[in-house]
Number of protein chains: 2
Amino acid sequence: MLISEFAKVTGLPVDTIRFYIAKGLLKPDRSLKGGSNPYQLFKPEDVTAARMIRLQQTLGYTLGEILALNEEYRAGEHSSERTIEVLQLQIERLQQRKEALDAALTFLHSKVDWIKSGKPGSAPRLEDYQC
Amino acid sequence: MLISEFAKVTGLPVDTIRFYIAKGLLKPDRSLKGGSNPYQLFKPEDVTAARMIRLQQTLGYTLGEILALNEEYRAGEHSSERTIEVLQLQIERLQQRKEALDAALTFLHSKVDWIKSGKPGSAPRLEDYQC
DNA sequence: CTTGACCCTGGAGTGCACTCCACACTTATA
DNA sequence: TATAAGTGTGGAGTGCACTCCAGGGTCAAG
């Protein structure tokens, strides 16, 4: 598929796609059949890759980290131990984020409860939900 | 307390603190006693505010959003309904992030399990953990 | 009263992640 | 064959969140 269709499928602006290509995050095929096609061709797996990038971004990774992560992941494709190591690292980091998020949610919920109950006693303190 | 001590207590660089003050995120007192002190004075509640800012940042809010959120929060201080509304919105947003995070974690865990079990069947697909 | 540590303001610079633009080429349609 | 729509490259610009620096004021110690 061409870039405009890829943009539609992924929901990403064309400029952003080109930006990702320049960064090495996406690698569409070029000129498949004897130089007949001067355009970049995107495969279904590129769609998956794009979605993976967006996911990793919402999880707080920078594009540089995502690139490094994915390359390391590819490099360790034949070494299960290395791959597992990379995955474990990601899991650990996400786990930490989740804990901070849980603490924040508990704090917010307790604040809502406190207000709804007519504000008896002192307000819930951020310090009590260490994040 | 003066800015250098505040920096030590919060762990933030002095420049960042001044940046937050310029943005209106922190409001230390100025010249308390008859213009004798030309320096900004930070109170314990400023420390809490700084920690709140950092927390909100890790949760994905921009400084602009944090400012708006905190001002709206202050504005609704006497209207419990408005405050609860703001809190509910925050909770909703964080809940969404948590769900994406959970999906990612489940995906990563299943990938680890799949590798550890000698890679039987097909690899876990990102698509199956909609995020 | 000088020295050194600390403070303030204003403005410039940095890295990241886009976003926009000018210009040139290719391809489908009228 | 003219024209419009889509594609590629290179480079400039934007917004955010800092980060650094010059120039100048304040204050406590010696």
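Note that this is a predicted model, so its numbers are computed, not measured. Residue numbering restarts at 1 for every chain, and letters A, B, ... go by the order of the sequence lines.
One can place CG of A:Leu12 at 10 Å from P of C:dT19, the figure rounded to the nearest angstrom. One interatomic measurement links the two molecules: CG of A:Leu67 to P of C:dC16, which rounds to 12 Å at whole-angstrom precision. Spacing between atom NZ of A:Lys23 and atom P of C:dG15 amounts to 11 Å, rounded to whole angstrom units. For the pair B:Phe19 CZ and D:dG15 C1', the computed distance is 11 Å after rounding to whole Å. Between B:Ile21 atom CD1 and C:dG10 atom P the separation is 13 Å, expressed in whole Å. Atom CG in A:Asp15 sits about 16 Å away from atom P in D:dG11, given to the nearest Å.
Taking 4.5 Å as the limit, some side-chain heavy atom of A:Leu87 sits within range of a side-chain heavy atom of A:Tyr73. Contact check for B:Ile66 versus B:Leu63: side-chain heavy atoms found under the 4.5 Å cut-off. Annotation: side chain of B:Phe42 is not in contact with side chain of B:Glu5 (no heavy-atom distance under 4.5 Å). A heavy-atom distance below 4.5 Å is found between the side chains of A:Leu26 and A:Phe6. No side-chain heavy atom of A:Leu59 sits less than 4.5 Å from a side-chain heavy atom of A:Arg97.
Rounded to 10 degrees, the angle separating the terminal axes of the helix from C:dC1-D:dG30 to C:dA30-D:dT1 is 10°, with each axis obtained from five end pairs.
Residue contacts shown for A:Tyr20 are limited to sugar-phosphate atoms, with no base heavy atom under 4.0 Å away.
Residue pairs satisfying the salt bridge (Lys or Arg N to Asp or Glu O under 4.0 Å) criterion with at least one member in residues 65-75 of chain A, sequence neighbours excluded, are listed as follows: A:Glu65-A:Arg93, A:Glu72-A:Arg82. For residues 7-23 of chain B, the side chain to side chain donor-acceptor pair (under 3.5 Å) pairs, not counting sequence neighbours, are B:Tyr20-B:Arg54, B:Tyr20-B:Gln57.
In this structure B:Ser80 satisfies the side chain to side chain donor-acceptor pair (under 3.5 Å) test with no other residue, sequence neighbours excluded.
Between B:Lys43 and B:Asp46 a salt bridge is recorded (basic side-chain N to carboxylate O distance below 4.0 Å).
With rounding to the nearest 0.5 Å, the separation of CG in A:Leu12 from CZ in A:Arg51 is 11.0 Å.
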Write out a two-atom table: protein N or O, nucleotide N or O from nucleotides 4-8 of chain C, distance below 3.5 Å.
from  : atom 1 : to      : atom 2 : distance (Å)
C:dC7 : OP1    : B:Ser4  : N      : 3.3
C:dC7 : OP1    : B:Ser4  : OG     : 3.0
C:dC8 : OP1    : B:Gln40 : N      : 3.0
C:dC8 : OP1    : B:Gln40 : NE2    : 2.8
C:dC8 : OP2    : B:Arg18 : NH1    : 2.5

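Connection of A:Ile21 to A:Val14 is established within a shared hydrophobic cluster, with ILVMFWY side chains joined at heavy-atom distances below 4.5 Å, either directly or through further cluster members.
Residues of residues 56-65 of chain A that place a heavy atom closer than 4.0 Å to DNA chain C, in numerical order, are A:Gln57, A:Thr62, A:Leu63.
The side chain of A:Arg54 sits closest to C:dC18 out of C:dC18, D:dC18, C:dT19.
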